[in-house]
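Bear in mind the structure is a predicted one, so any value in this text is a computation, not a measurement. To find a chain, count down the sequence lines: A is the first, B the second, and so on, and within it residues start at 1.
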Number of protein chains: 2
Amino acid sequence: MMDYQPVFRSLADPTRRAILCMLKEQDLCIGDIADHFQMTRPAVAKHLKILNEADLVIIETQGRERINRLNLTQLMSAMDWFNYFDQFWDKQLNHLKQVVEDKVLEDKEQ
Amino acid sequence: MMDYQPVFRSLADPTRRAILCMLKEQDLCIGDIADHFQMTRPAVAKHLKILNEADLVIIETQGRERINRLNLTQLMSAMDWFNYFDQFWDKQLNHLKQVVEDKVLEDKEQ
DNA sequence: TTGACATGAAACCAAATGGTATTATATTTA
DNA sequence: TAAATATAATACCATTTGGTTTCATGTCAA
């Protein structure tokens, strides 16, 4: 049973979600990312630390730069949590279907 | 363009995720839900307020009780955010495929 | 080797978060 | 009608969060 907490905690912040979207396009170092936001570089570095701890971002040191790369496996795991509700979705649809069918039957019998 | 913030903020707390899972099984009033946790009822009520504001839970007053019902539409919208990364997933797989194919070609030419 | 650059680390702060206890209100039920 | 029930509302508190500034460190390039 996986611990969803670090991932969902990461996704709760709009800046962190934006960073993930940026990293979808290409790997970036902290400075590159910070340039896209109004906040200071240390603030962005903190967000990246949280993303890294949740294993959503992998950090690779290259000389004096640190390349941040998106790791999708944790996002996929988080989707499992959503899929848990799929059954409910089906159940709701089936219930609706049942209601409609019952209604049709009712109408016929009148 | 939808605002994902209320939903992702809601999902960041383990108690709230647990409440959503409980409501998947059946509609429940605040007291029922609070019985399943160690925290006080007002604390649970606060979580339900946040879930309601994110439209993840619909509250229906019946006499002195307030029935909490799961609303899946917002969860489905949140899944759209995840789906945005599917392309990246494909891209990664395609890249891997390309690398392997190139490797095979290389080997052939030797 | 010296200066510029990319980042880390620490101290600090305001606001949000997740909880509590207490009191008030409305609806059942005996 | 009076008591019990289900919840709302308020005030309060400790901790976490998201940001800042400042200073230190390691690496590249002239």
Side-chain angles (χ1 to χ4, degrees), chain A residues 3-23 25-71 74 78, chain B residues 3-23 25-71 74 78:
Chain A
D3 179 18
Y4 294 109
Q5 189 53 25
V7 172
F8 280 114
R9 183 233 182 178
S10 293
L11 299 182
D13 184 272
T15 302
R16 288 195 288 270
R17 290 199 304 277
I19 290 174
L20 291 177
C21 288
M22 286 176 66
L23 292 179
E25 303 307 324
Q26 59 179 319
D27 301 346
L28 293 168
C29 65
I30 298 183
D32 295 335
I33 298 170
D35 288 344
H36 284 72
F37 296 96
Q38 294 197 316
M39 69 190 73
T40 58
R41 199 183 40 69
V44 171
K46 278 191 187 181
H47 284 305
L48 283 167
K49 186 161 178 273
I50 291 171
L51 289 168
N52 176 245
E53 281 165 0
D55 206 25
L56 287 164
V57 163
I58 295 167
I59 302 177
E60 193 180 321
T61 303
Q62 277 180 12
R64 63 183 165 184
E65 285 189 341
R66 290 176 53 143
I67 307 301
N68 298 275
R69 187 170 55 248
L70 182 60
N71 177 28
Q74 293 306 303
Chain B
D3 179 17
Y4 293 108
Q5 188 53 24
V7 173
F8 280 114
R9 184 235 181 177
S10 292
L11 298 183
D13 184 273
T15 302
R16 288 194 289 268
R17 291 199 303 278
I19 290 174
L20 292 178
C21 288
M22 287 177 64
L23 292 180
E25 303 308 324
Q26 58 179 320
D27 301 347
L28 293 167
C29 65
I30 299 183
D32 295 335
I33 298 171
D35 289 344
H36 284 73
F37 296 96
Q38 294 196 319
M39 68 191 74
T40 58
R41 195 187 28 249
V44 171
K46 276 193 187 180
H47 284 305
L48 283 167
K49 184 160 179 274
I50 290 170
L51 289 168
N52 176 245
E53 280 164 2
D55 207 25
L56 287 164
V57 164
I58 295 167
I59 302 177
E60 192 180 321
T61 302
Q62 278 181 12
R64 63 183 164 183
E65 284 190 344
R66 288 175 52 142
I67 307 301
N68 298 275
R69 186 169 57 248
L70 182 61
N71 177 27
Q74 292 307 302

5' priority, DNA chain D, between Gly63(A) and Pro42(B) [closest heavy atom]: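 The residue whose closest nucleotide sits nearer the 5' end is Pro42(B).
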Closest nucleotide among dT7(D), dG19(D), dT20(C) to the Ala43(A) side chain: dG19(D)
Would you indicate which nucleotide in dT20(C), dT7(C), dG8(C) comes nearest to any side-chain atom of Ala45(A)? dG8(C)
Could you check how far [atom1] of [X] sits from [atom2] of [N], rounded to whole Å?
{"X": "Asp13(B)", "N": "dT15(D)", "atom1": "CG", "atom2": "C1'", "result": "14 Å"}
{"X": "Phe37(A)", "N": "dG18(D)", "atom1": "CZ", "atom2": "P", "result": "13 Å"}
{"X": "Ile59(A)", "N": "dA6(C)", "atom1": "CD1", "atom2": "P", "result": "17 Å"}
{"X": "Leu48(A)", "N": "dT17(D)", "atom1": "CG", "atom2": "C1'", "result": "16 Å"}
{"X": "Glu65(A)", "N": "dA6(C)", "atom1": "CD", "atom2": "P", "result": "7 Å"}
{"X": "Lys49(B)", "N": "dA8(D)", "atom1": "NZ", "atom2": "P", "result": "10 Å"}
{"X": "Gln5(A)", "N": "dT16(D)", "atom1": "CD", "atom2": "P", "result": "13 Å"}
{"X": "Ile67(B)", "N": "dT5(D)", "atom1": "CD1", "atom2": "C1'", "result": "14 Å"}

Hey, which of Leu48(B), Asn52(B), Ile59(B), Leu28(B) is the one that makes side-chain contact (heavy atoms from CB on, under 4.5 Å) with Arg66(B)?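 Running side-chain contact (heavy atoms from CB on, under 4.5 Å) over Leu48(B), Asn52(B), Ile59(B), Leu28(B) with Arg66(B) returns exactly one hit, Ile59(B).
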Checking only heavy atoms, does the side chain of Arg64(B) share a donor-acceptor pair with the base of dT5(D) at less than 3.5 Å? yes
N/O (side chain, [X]) to phosphate O (OP1/OP2, [N]) under 4.0 Å:
{"X": "Thr40(B)", "N": "dT20(C)", "value": "yes"}
{"X": "Arg9(B)", "N": "dA16(C)", "value": "no"}
{"X": "Arg66(A)", "N": "dG8(C)", "value": "yes"}
{"X": "His47(B)", "N": "dG19(C)", "value": "yes"}

Is any side-chain heavy atom of Tyr4(B) less than 4.5 Å from a side-chain heavy atom of Leu11(A)?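 Not in contact.
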What are the two closest heavy atoms between [X] and [Y], and how far apart are they?
{"X": "Glu60(A)", "Y": "Arg69(A)", "value": "OE1-NH1, 2.9 Å"}
{"X": "Ile30(B)", "Y": "Ala45(B)", "value": "CD1-CB, 4.2 Å"}
{"X": "Ala12(A)", "Y": "Gln5(B)", "value": "O-NE2, 2.9 Å"}

